[in-house]
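Data block below; observations after.
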Protein chains: 2
Amino acid sequence: MNKRLTIKDIARLSGVGKSTVSRVLNNESGVNERTRERVEAVMQEQGFSPSRSARAMRGQSDKVVAIIVTRLDSLSENLAVQTMLPVFYAEGYDPIMMESQFSPALIAEHLRMLRSRNIDGVVIFGFSGVTPEMLQPWQPSLVLVARDASGFASVCYDDEGAMQLLLQRLYDMGHRHISFLGVPDSDITTGLRRHQAYLDFCARHQLTPHVVQPGLTMVNSYENFTRTLTPDTTAVVCGTDTMALGAGKYLHQHPELRIQLASIGYTPLIAFLHPDLVGVSLGYAEAGRKAAVQLMGQITRQAELKQIVIPATLN
Amino acid sequence: MNKRLTIKDIARLSGVGKSTVSRVLNNESGVNERTRERVEAVMQEQGFSPSRSARAMRGQSDKVVAIIVTRLDSLSENLAVQTMLPVFYAEGYDPIMMESQFSPALIAEHLRMLRSRNIDGVVIFGFSGVTPEMLQPWQPSLVLVARDASGFASVCYDDEGAMQLLLQRLYDMGHRHISFLGVPDSDITTGLRRHQAYLDFCARHQLTPHVVQPGLTMVNSYENFTRTLTPDTTAVVCGTDTMALGAGKYLHQHPELRIQLASIGYTPLIAFLHPDLVGVSLGYAEAGRKAAVQLMGQITRQAELKQIVIPATLN
DNA sequence: CTGTTAGCGCCTTCAT
DNA sequence: ATGAAGGCGCTAACAG
């Protein structure tokens with residue numbers, strides 16, 4: 001590892017002082033155009049890049065942000081992270097990743113190590129169990145995704161809107177007996193909110209609700225699918241695409257049942273396996289981008305702590 | 001943001017000199033036990049943690065490694081990354097993530113920015129297109145996953161072994177006419193190697209091979225499934241679990257075909273949708289852990305550049 | 001406009 | 001066993 005060159009070297013090589021090099025580096029005004037060009041040329045040809053640690057020490061920030069996902073193999077979160085990375089890199093920030101595994105204790109531990117690590121900001125994918133108290137110290141430099149909490153910046157999905165979109169479409173298709181196969185209410189967003197939106201729609205349109213909330217896995221959904229069926233049922237809305245997969249398997253095995261399936265969450269897999277399922281997309285990519293931009297705003301420009309809602313779209 | 005305390009503060013608070021605090025911090029020998037305890041107590045109660053940037057500048061490393069995945073939403077890579085993260089954190093290294101999107105150009109660009117960023121090491125998930133030349137500068141502090149290259153440390157899956165395992169099982173079940181539905185040979189590992197292993201097995205057991213390699217997507221596999229069928233065919237091995245999903249959809253739609261499905265790659269989803277598919281696991285979790293340990297070894301202990309192969313296991 | 005001079009927080013001789 | 005002093009690469013006053 002030959003020693004990297006420093007601004008001092010660049011200064012010497014281009015016959016100027018260190019500070020001038022520093023000014024060029026930071027695009028500061030007040031540098032002779034000729035000098036600037038000369039210095040930049042030298043930096044180019046030497047492939048010079050300033051030491052982050054040194055800059056970090058002088059200023060305050062390491063230019064590092066953390067992204068805490070619930071699980072690395074969560075498809076929806078991945079789609080969001082995918083769009084945040086470029087935003088962070090574009091602003092010169094390094095994103096480090098951590099997994100919370102749905103454990104508040106782990107979140108707390110991670111946040112502790114992040115503080116000692118002098119991180120600039122955090123994006124946290126929320127879940128039932130993260131309390132505002134534990135996030136408090138990070139409030140100014142934190143963006144919550146998929147959950148909201150008063151006083152915190154957040155990017156949320158429009159659960160009500162998504163369910164509304166789905167049901168309206170089914171209604172327009174002529175369905176009047178639509179069952180709900182969802183996640184238990186213990187999960188605020190994927191469970192309670194979607195459940196509630198379903199009930200609301202039914203009330204508004206004088207439909208008789210029929211609800212089953214067996215759990216959140218494919219197996220839960222598969223094994224309890226029959227419970228969603230009344231003699232009149234013509235359509236079933238699933239709370240998540242995972243549940244739709246469970247329901248879909250049942251329907252594949254019972255082709256005689258002519259039930260229209262619908263679900264919140266539309267993945268390539270679902271589209272492939274169940275082409276005529278009615279799905280809404282929650283806008284993960286959009287959410288990721290917005291969250292990253294919001295965090296950058298908070299960190300670099302003291303932007304206000306907005307609570308953003310991503311609109312859902314029918315597929 | 002109240003300014004963090006420094007070793008100077010700790011020194012003052014515990015009535016010793018900066019250097020003593022530094023020694024305690026680094027567990028250096030030659031410090032009076034009493035003094036050490038006192039200093040440690042103060043650090044504890046003040047919740048002190050040294051500035052990484054300052055240490056980094058003072059010659060040590062930033063303790064940052066990069067993980068370059070092909071795509072964040074690759075399930076197999078996620079499973080591997082999942083096990084590497086804890087290893088890195090345990091050694092005090094921060095893992096930053098990047099996506100190559102199967103683009104050699106992107107890899108090159110990332111590596112360039114990583115060098116300027118003064119990263120300590122890199123894990124790269126390989127794919128056809130990454131050439132040893134572009135990796136050369138990182139050779140001592142690089143671990144390749146899913147590909148190998150002479151002179152580089154790597155952690156690979158046992159494609160031949162996996163295929164062998166699969167075919168042997170089918171053979172033991174009595175199948176003598178087994179078709180291969182795989183990825184094109186342009187992909188060295190998931191395509192060529194598995195294809196070759198299939199041919200080898202057929203030759204050894206005097207079976208007539210029947211090969212179809214339409215592409216790597218579910219749709220490719222679904223639309224070309226019939227081409228795998230000869231009048232005698234009783235089983236089909238799929239090169240990847242993705243292809244198995246395509247084949248599985250076709251079979252679900254044609255229950256009259258009694259074809260035994262098998263595939264390399266065994267996911268919870270496959271297990272759920274096709275319980276009687278014969279699958280082998282490539283050992284992603286194991287691979288991730290090994291890769292991380294190997295990289296740490298190279299960085300902190302100049303460990304030799306081993307080429308590790310993870311054994312496949314039948315499910 | 002540009003060079004000089006101080007440090008930032010830490011580690012490392014070198015004295016004590 | 002411990003403290004004082006110097007310097008890592010950079011930025012931010014302050015002079016010229």
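Chain identifiers are assigned alphabetically (A, B, ...) following the order of the sequence lines, protein sequences preceding nucleic acid strands; residue numbering begins at 1 within each chain.
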*Please report, rounded to the nearest Å, how far the P atom of dG7(C) is from the CD1 atom of I7(A).*
17 Å
*Can you find a side chain N or O atom of S53(A) that sits less than 4.0 Å from OP1 or OP2 on dC8(D)?*
no
*Is T20(A) near enough to dT2(C) that one of its side-chain N or O atoms lies under 4.0 angstrom from OP1 or OP2?*
no
*Quick one: do the R115(B) and S49(A) side chains pair a donor with an acceptor below 3.5 Å?*
no
_What is the distance, to the nearest angstrom, from the CD1 atom on I10(A) to the C1' atom on dC10(D)?_
13 Å
_Between R55(B) and dG9(C), is there a contact of a side-chain N or O with OP1 or OP2 at under 4.0 Å?_
no
*Mind running salt bridge (charged side-chain N to carboxylate O under 4.0 Å, His left out) on D94(A) and R117(A) for me, showing each step along the way?*
CA-CA 13 Å; D94(A) 278 352; R117(A) 171 79 185 68; over 6 Å; no
*Closest to the A54(B) side chain, choosing from dG9(C), dG3(C), dT2(D)*: dG9(C)
*asked:* Nearest whole Å is fine: how far is dT2(C) P from E28(A) CD?
replied: 13 Å
*asked:* Using 30° and 60° as the class boundaries, would you call the ring planes of Y89(A) and H110(B) parallel, tilted or perpendicular?
replied: tilted
*Quick check: are there more than 12 heavy atoms from other residues, nucleotides or ligands sitting under 6.0 Å from CD of E45(B)?*
yes
_Interatomic distance where CG belongs to N32(B) and P belongs to dT16(C) [whole Å]_ = 22 Å
*Calculate the interatomic distance between R34(A) atom CZ and dT2(C) atom P; express it in whole Å.*
11 Å
*Is it true that E109(B) and R112(B) make a salt bridge, defined as a side-chain N closer than 4.0 Å to a carboxylate O?*
no
_Just the rounded figure in Å: distance from P of dC10(C) to CG of L25(B)._
7 Å
Distances under 3.5 Å between nitrogen or oxygen atoms of protein and nucleotides 4-6 of chain D:
| unit_1 | atom_1 | unit_2 | atom_2 | d |
| --- | --- | --- | --- | --- |
| dA4(D) | N7 | S19(B) | OG | 3.4 |
| dA4(D) | N6 | S19(B) | OG | 2.9 |

_If I take atom CZ in residue R12(B) and atom C1' in nucleotide dC10(C), what distance separates them, rounded to the nearest angstrom?_
17 Å
_Pick the closest DNA chain D nucleotide for T35(B) and for K8(A) by heavy atoms, then say which residue is nearer the 5' end._
T35(B)
*asked:* What's S22(A) touching, base or sugar-phosphate or nothing? Going by heavy atoms closer than 4.0 Å.
replied: base
Pairs of donor and acceptor atoms involving the side chains of residues 25-36 of chain B, under 3.5 Å and at least two apart or interchain, shall be tabulated with distances.
| unit_1 | atom_1 | unit_2 | atom_2 | d |
| --- | --- | --- | --- | --- |
| N26(B) | OD1 | R55(B) | NH2 | 2.7 |
| N32(B) | OD1 | R34(B) | N | 2.7 |
| R36(B) | NH2 | E28(B) | O | 2.5 |

*Report which part of the nucleic acid V21(B) touches: base, sugar-phosphate, or nothing (heavy-atom distance under 4.0 Å, all strands).*
nothing
*Separation of atom CG in N26(A) from atom C1' in dC10(D), rounded to whole Å*: 9 Å
*asked:* Quick one about T189(A) and R147(A) (side-chain donor to acceptor, distance below 3.5 Å, no hydrogens or angles considered), yes or no?
replied: yes
